[in-house]
Amino acid sequence: MRVPFIDLAAQQAEIAAEVLPAWEQLFATAGFIGGDHVVGFEREYADFIGVDHCVGVANGTDAVELALRAVGVRLGDEVIIPVNTFIATAEAVSRIGAVPVFVDVDPDYLLIDPAAVEDAITTRTRAIVPVHLYGQTAPMDAIIPLAQRHGLVIVEDAAQSQGASSSVGRAGGLGLVAATSFYPGKNLGAAGDAGAVLTDDPAIAEMVRSLSAHGSSVKYVHDRVGMNSRLDAVQAVVLRAKLRRLDTWNVARRAAAVRYAELLANVPDVRVPPVRVGNEDVWHLYVVQVEERDRVLSELGAAGVGVGIHYPTPLHLTGAYTGRGSAGRGSAGRGSAGRDYQQGQFPVAEAAAARILSLPMFPHITAAQQSFVADCLAQVVATVARKEDVGVR
Ligand SMILES: Cc1ncc(COP(=O)(O)O)c(C=O)c1O
């Protein structure tokens, strides 16, 4: 048996009968940009998250940037973000000329640590970007009052949390504004790149629309310098069809997570991911922790199990943010990062980065596939531990 890290074919098969005729229609009428499917999806996704406005954009990175710009984050402002996230969260901050200020994560869930956020606040801090990582919801019960106390804006990065909720509500509807990504592998994935910005505030929604359409609300009237970042109709057709199935698919992911936890409960040296009290996670990723992760990873790959690492390098140690990357002038570096980050500065994220391993997780994964993954993992971990005992390297 081989188990891929992610298998989207079953998703595509479920929606093909709806999507292909709609695509043919778009092709025949050349209705690629805007139109009923885009408007319809924006309404349906806003309702799904429970916000008043959804503005479709070209991808999740643009969505974070547009959300930050729409709430007034400007050149030189500081924006606090967790160091354990995909680099897009930081890129969006840097692209505005604002300063990403990294903070550590908690050791249990690897989510932004509210105490670290509090310590990182300065007079230049403008916003906090909690990232709802791996399908969890960040600790918004602590972040919301903290932001209120300090007069800071919350911009949620909800790229990995479509449908997730917590004791204070659904991820993506908990900040002033939220950004999401519909990259194909996300819980709600397009057939290419797509993203969206979510908010209850009509003025913010309008600003995102304008910024994403060349700074324009009326054709050829450009009130500000914007960009071109559109959700196109081709993607909206797919997203509407998948959104109708998202709850069912998230339930399937939850069942798969329960199954993994049972299968791995008695495997020594494998730490399964806990669920934060009050959270309903949607298991975008299933991240275990093991010793000797790189050896476990390569042996699992050899055994036919697709695995990943999310993420191998905490952002403060990436070339982009140490200034030691090969991108030279393009690198954010110390200048625009504004801080000189060191190894050892974010010990929780750094220790986790050496141990985390993402197992295959997708709605249509079968019990047999999960048993195979768990058996392989148990064997590999035992083998690696034995080699350690006899000092084999
Ligand atoms: C946490 C997070 N933020 C932002 C992004 C950026 O989204 P995109 O790849 O659609 O630009 C992603 C996904 O790739 C992500 O996982």
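First listed ligand is number 1; within each ligand, the first listed atom is number 1. In this text, all values refer to a predicted model and were calculated from it rather than measured experimentally. Both backbone and side-chain heavy atoms feed into the values below; hydrogens, waters and symmetry mates do not. Index from 1, following the sequence.
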Legend entry - Top protein contact for atom 15 (C) of ligand 1, by heavy-atom distance: A159 CB, 3.6 Å

Legend entry - Selected option - heavy-atom contact closest to atom 9 (O) of ligand 1, from A190, S181, A158, P82: S181

Legend entry - Donor + acceptor pair across side chains of S210, R224 (<3.5 Å): yes

Legend entry - Polar contact flag, side-chain donor to acceptor under 3.5 angstrom, E18-W23: no

Legend entry - Identity and separation of the nearest protein heavy atom to atom 3 (N) of ligand 1: D157 OD2, 2.7 Å

Inset, instruction - Taking only heavy atoms of T89 into account, list the atoms of ligand 1 that are under 4.0 Å away from them. - result: 3 (N)

Inset, instruction - Considering heavy atoms of the protein only, find what lies nearest to atom 8 (P) of ligand 1 and give residue, atom and distance to 0.1 Å. - result: G60 N, 3.4 Å

Inset, instruction - Please report which non-hydrogen protein atom sits nearest to atom 16 (O) of ligand 1, along with the residue it belongs to and the distance in Å to one decimal place. - result: Q160 NE2, 2.9 Å

Legend entry - Test item: side-chain donor near acceptor, Q136 and S161, under 3.5 Å: no

Legend entry - Whether over 12 other heavy atoms sit under 6.0 Å from N228 CG: yes

Inset, instruction - Measure from NZ or CZ of R253 to the centre of the six-membered ring of Y286, then state whether that distance is under 6.0 Å and the direction lies within 45° of the axis. - result: no

Inset, instruction - Let me see the working for Y321 and Y341 under ring-ring contact (aromatic ring centres under 6.0 Å, His included), right down to the final yes or no. - result: CA-CA 8 Å; Y321 287 101; Y341 291 106; 8.1 Å; no

Legend entry - Donor-acceptor pair between Q345 and H316 side chains, under 3.5 angstrom: no

Inset, instruction - May I ask whether V64 has any heavy atom positioned less than 4.0 angstrom from an atom of ligand 1? - result: no

Legend entry - Heavy-atom nearest neighbour in the protein, as seen from atom 5 (C) of ligand 1, with distance rounded to 0.1 Å: A88 CB, 3.7 Å

Legend entry - Per-atom contacts of ligand 1 with N59, taking only distances under 4.0 Å to non-hydrogen atoms: 10 (O), 11 (O)

Legend entry - Atom CZ of F27 with >12 non-hydrogen neighbours under 6.0 angstrom: no

Inset, instruction - Please state whether H132 comes within less than 4.0 angstrom of ligand 1, counting heavy atoms only. - result: no

Inset, instruction - Check T85 against ligand 1 and report side chain, backbone, both or neither, counting heavy atoms closer than 4.0 Å. - result: side chain

Inset, instruction - Identify the protein heavy atom lying closest to atom 13 (C) of ligand 1, giving its residue, its atom name and the separation to 0.1 Å. - result: K186 NZ, 2.8 Å

Legend entry - Residues D141 and S167: side-chain donor-acceptor under 3.5 angstrom: no

Inset, instruction - For T61, counting its heavy atoms only, list the atoms of ligand 1 lying under 4.0 Å from any of them. - result: 6 (C), 7 (O), 8 (P), 11 (O)

